[in-house]
Amino acid sequence: MTDLIRIEDTPKYLGQTVKIGAWVRQKRGSGKIAFLQLRDGSGFMQAVASESELPEEVFKVAEHIKQETSVYVTGVIQENPRDDFGFEMALKDIEVVGQSEDYPITPKEHGTEFLFENRHLYLRHLKPYAIIKIRNTIIKATYDFFYDNGFTKIDAPILTGSAPEGTSELFPVEYFEQQAYLSQTGQFYGEAGAMAFGRVYTFGPTFRAEKSKTRRHLTEFWMIEPEMAWMHQDESLEIQERYISSLVQAVLDNNQAELKMLDRDPKTLEKYTQLPYPRISYDEAIEMLKKADFEIEWGEDFGSPEETYLANQFDKPVFVLNYPKAVKAFYMKRHPDRDDVVVSADLLAPEGYGEIIGGSERDTDLDYLVERIKQEGQDPATYEWYLDLRRYGSVPHSGFGLGLERVITWVTGQEHIREAIPFPRTLNRLWP
Ligand code: ATP
Ligand code: MG
């Protein structure tokens with residue numbers, strides 16, 4: 001038996017006879033010729049079965065093959081300039097490995113509900129394939145970027161006993177005799193890590209009981225949360241834009257075929273690798289919105305129509321700096337010259353994708369933090385270990401949180417964030 005090769009490697013075997021293990025996505029043609037659309041996880045390729053060149057039994061198998069049957073195909077690799085991949089197989093032999101009767105996702109159009117009810121099968125299709133491949137690139141580029149920039153990965157726990165931003169969006173879990181929650185941020189652990197390792201990041205699943213149905217919210221998503229000691233906000237913003245640019249560049253370098261499958265124009269993405277990104281203040285943002293007749297007053301947080309409008313005024317991601325203290329978390333650093341805003345920044349993605357990063361410099365003062373915790377109606381005792389970070393060698397530090405699926409949705413140009421994760425969890429989806 002010849003060794004199996006993978007579809008992505010077939011160009012190296014031009015003119016040779018090879019064997020591939022694959023699934024049949026579709027069969028086209030009839031009568032004297034059958035075109036089998038194959039996929040093997042590494043790529044997509046067509047095999048051509050022609051009646052005149054094949055033993056009768058072999059042609060019959062090819063001609064009657066059903067969608068998603070798994071097969072070994074043997075044949076000669078040849079060029080096909082009309083095909084996106086550029087290569088195809090002239091079939092010599094085919095052996096069925098696993099039958100597939102009545103595969104539910106037929107070539108006709110299906111609704112989103114149906115496709116996600118069948119996500120375990122839908123993952124095999126072109127669009128999910130391309131998006132998850134790009135996700136894979138973005139994950140690798142994340143590890144590379146932080147490794148190359150002197151960060152240590154600190155894994156934050158997923159089961160926590162504390163509720164840093166209030167309990168309303170938390171999923172409670174029973175933890176023996178105690179109440180625990182699924183983590184909605186690893187930030188505090190990141191801050192502890194930064195005091196030990198200087199520059200750290202957490203990267204893990206994050207859980208939020210988001211009760212609203214939006215195109216941007218999952219109840220389980222993956223977040224990357226860098227935290228840097230001895231760093232002020234300006235430098236943090238530079239890291240953020242360099243990080244985003246490196247992610248987009250990695251996709252351009254590795255996923256041209258996938259971008260094409262998604263009809264995503266690489267030229268659009270190329271703009272996003274050009275630094276710096278514009279920076280506007282929250283005050284300026286409010287002015288822009290008012291001029292555009294939004295009903296918004298200074299002090300209010302932005303909803304997605306506001307974020308979309310603001311982002312659309314720029315052709316690159318835009319930082320919105322220094323939000324009102326009242327709408328941001330208690331740990332954000334006070335502005336040196338103003339009492340009403342904090343040293344924060346949200347990064348808004350262009351094309352209507354909204355916030356992809358939220359970050360800030362962290363306040364270093366113990367008494368101020370205790371006061372702010374009380375103002376929020378919370379008990380400082382819950383934050384004892386976190387406050388220790390201010391008791392023992394507090395230093396200037398900054399950090400941010402980036403939602404992996406938000407970035408993927410934007411980079412791949414999808415309508416809805418559920419496309420950006422293999423098995424999405426939303427308000428009404430816990431299956432499959
Ligand atoms: P939003 O206002 O959009 O709900 P947030 O202010 O709650 O965002 P942060 O708490 O700052 O967001 O979280 C950091 C990042 O995590 C966000 O910038 C976003 O990219 C991502 N994120 C937040 N909530 C979700 C969610 N429910 N699903 C997917 N990604 C999310
Ligand atoms: Mg939120």
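We count ligands from 1, going down the list as the structure has it; atoms in each ligand are counted the same way.
Using a 30° and 60° split on the angle between ring planes, Tyr331 and Phe188 fall in the perpendicular class, above 60°. Phe294 and Tyr309 have tilted rings, their planes meeting at an angle from 30° to 60° on a 0 to 90° scale.
Between Gly403 and ligand 1, an N or O atom pair is found at a separation short of 3.5 Å. Polar contact with ligand 1: present for His217 (N/O pair, distance under 3.5 Å). Ligand 1 has a nitrogen or oxygen under 3.5 angstrom from a nitrogen or oxygen of Ile356. For ligand 1, the polar-atom distance check against Met223 finds no nitrogen or oxygen pair separated by under 3.5 Å.
No cation-pi contact links Arg242 to Phe145, judged by a cut-off of 6.0 Å to the six-membered ring centre and 45° from its axis.
Contact atoms of ligand 1 toward Glu210: 24 (N), 26 (C), 27 (N) (distance under 4.0 Å to a heavy atom of the residue). When each atom of ligand 1 is checked for a heavy atom of Arg216 under 4.0 Å away, the hits are 28 (N), 29 (C).
Checked by atom type, the side-chain pair Tyr386/Glu191 shows a donor-acceptor distance below 3.5 Å.
The 12-atom threshold is not exceeded at CG of Asp339, counting heavy atoms of other residues, nucleotides or ligands nearer than 6.0 Å.
Test Tyr353, Tyr277, Phe314, Trp410 against Tyr272 for ring-ring contact (aromatic ring centres under 6.0 Å, His included) and you get one pass: Trp410.
In this comparison of Arg425, Glu307, Gln184, Arg208, the heavy atom closest to atom 9 (P) of ligand 1 sits on Arg208. The nearest non-hydrogen atom to atom 22 (N) of ligand 1, considering only Phe221, Phe400, Phe207, comes from Phe221.
Contacts between Ile417 and ligand 1 below 4.0 angstrom, taking non-hydrogen atoms only, involve the side chain exclusively.
Under the 4.0 Å criterion applied to side-chain N and carboxylate O atoms, Glu307 and Arg216 are assigned as salt-bridge partners.
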